[in-house]
Amino acid sequence: MCHVIVTCRSMLWTLLSIVVAFAELIAFMSADWLIGKAKSPSGAEPDERSGGPSEPYHPTLGIYARCIRNPGVQHVQRETLCGPYAESFGEIASGFWQATAIFLAVGIFILCTVALVSVFTMCVQSIMKKSIFNVCGLLQGIA
């Protein structure tokens with residue numbers, strides 16, 4: 001039989017566990033790990049919307065994604081394109097970035113597992129005489 005045991009502390013821990021797991025996932029997928037110097041558009045053409053010169057853009061690079069400026073064709077507006085630059089794991093920028101991808105993926109998996117388990121701690125507080133809070137806290141520290 002499941003008894004719902006909810007305290008302010010367990011509810012706060014559950015919510016923060018979920019928020020941190022999503023924040024790590026978003027950081028992993030972001031292309032804003034390295035931000036390059038501002039590059040002004042070639043020819044300093046006026047922007048159609050504002051009439052002034054268009055803003056410079058910053059090329060960015062993430063673990064496996066990047067954002068670059070589309071050079072544009074005659075009647076097509078220039079825009080920033082973001083997407084993966086690495087089609088396979090071996091194409092990631094360097095060995096250090098590959099190691100970062102592995103460690104972050106493992107950490108995110110652990111954090112997502114803890115976030116899922118933290119929802120169940122409202123019904124069960126221990127498994128095999130071990131506190132779920134202590135075990136999940138240890139896993140969060142490792143992640």
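Everything quoted here is computed from the prediction, not taken from an experiment.
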Next on the checklist: Quick check: is F28 connected to F89 through a chain of hydrophobic side chains (ILVMFWY, heavy atoms under 4.5 Å apart)?
Outcome noted: yes
Next on the checklist: When you compare the side chain of W13 with that of Q140, does any pair of heavy atoms fall below 4.5 Å?
Outcome noted: yes
Next on the checklist: Once rounded to the nearest 0.5 Å, what's the spacing between atom CG of L139 and atom CG of N134?
Outcome noted: 11.0 Å
Item to check | Sequence-distant partners of C112, disulfide bond (SG atoms under 2.5 Å apart), two or more places apart | outcome: none
Next on the checklist: Hydrophobic clustering (ILVMFWY, side-chain heavy atoms < 4.5 Å, transitive) - are V119 and F133 grouped together?
Outcome noted: no
Checklist entry - Should M29 and L104 be regarded as members of a common hydrophobic cluster, given that ILVMFWY residues are connected when their side-chain heavy atoms come within less than 4.5 Å of each other, either directly or indirectly? => result yes
Next on the checklist: Counting only heavy atoms from other residues, nucleotides and ligands, does the tally under 6.0 Å from CZ of F96 exceed 12?
Outcome noted: no
Next on the checklist: Check for me, please, whether V135 and V20 land in the same ILVMFWY cluster - side-chain distances under 4.5 Å, paths through other members count.
Outcome noted: no
Item to check | Residue pair C8 / M11, side-chain heavy-atom distance below 4.5 Å | outcome: no
Checklist entry - Between CG of L111 and CD1 of I18, what distance do you get to the nearest 0.5 Å? => result 12.0 Å
Checklist entry - When rounded to the nearest 0.5 angstrom, what is the spacing between CZ in F103 and CD1 in I108? => result 13.5 Å
Item to check | Partners meeting side-chain hydrogen bond (donor to acceptor under 3.5 Å, both in side chains) with E24 (sequence neighbours left out) | outcome: none
Item to check | S118 side chain to A115 backbone, donor-acceptor under 3.5 Å | outcome: yes
Checklist entry - Closest approach of G62 and W97, non-hydrogen atoms and distance? => result O-CZ3, 3.0 Å
Checklist entry - Is a side-chain donor or acceptor of S30 paired with a backbone partner of I26 at a separation under 3.5 angstrom? => result no
Next on the checklist: Tell me whether Y85 contacts the main-chain N or O of I63 through its side chain, where contact means a donor paired with an acceptor under 3.5 Å.
Outcome noted: yes
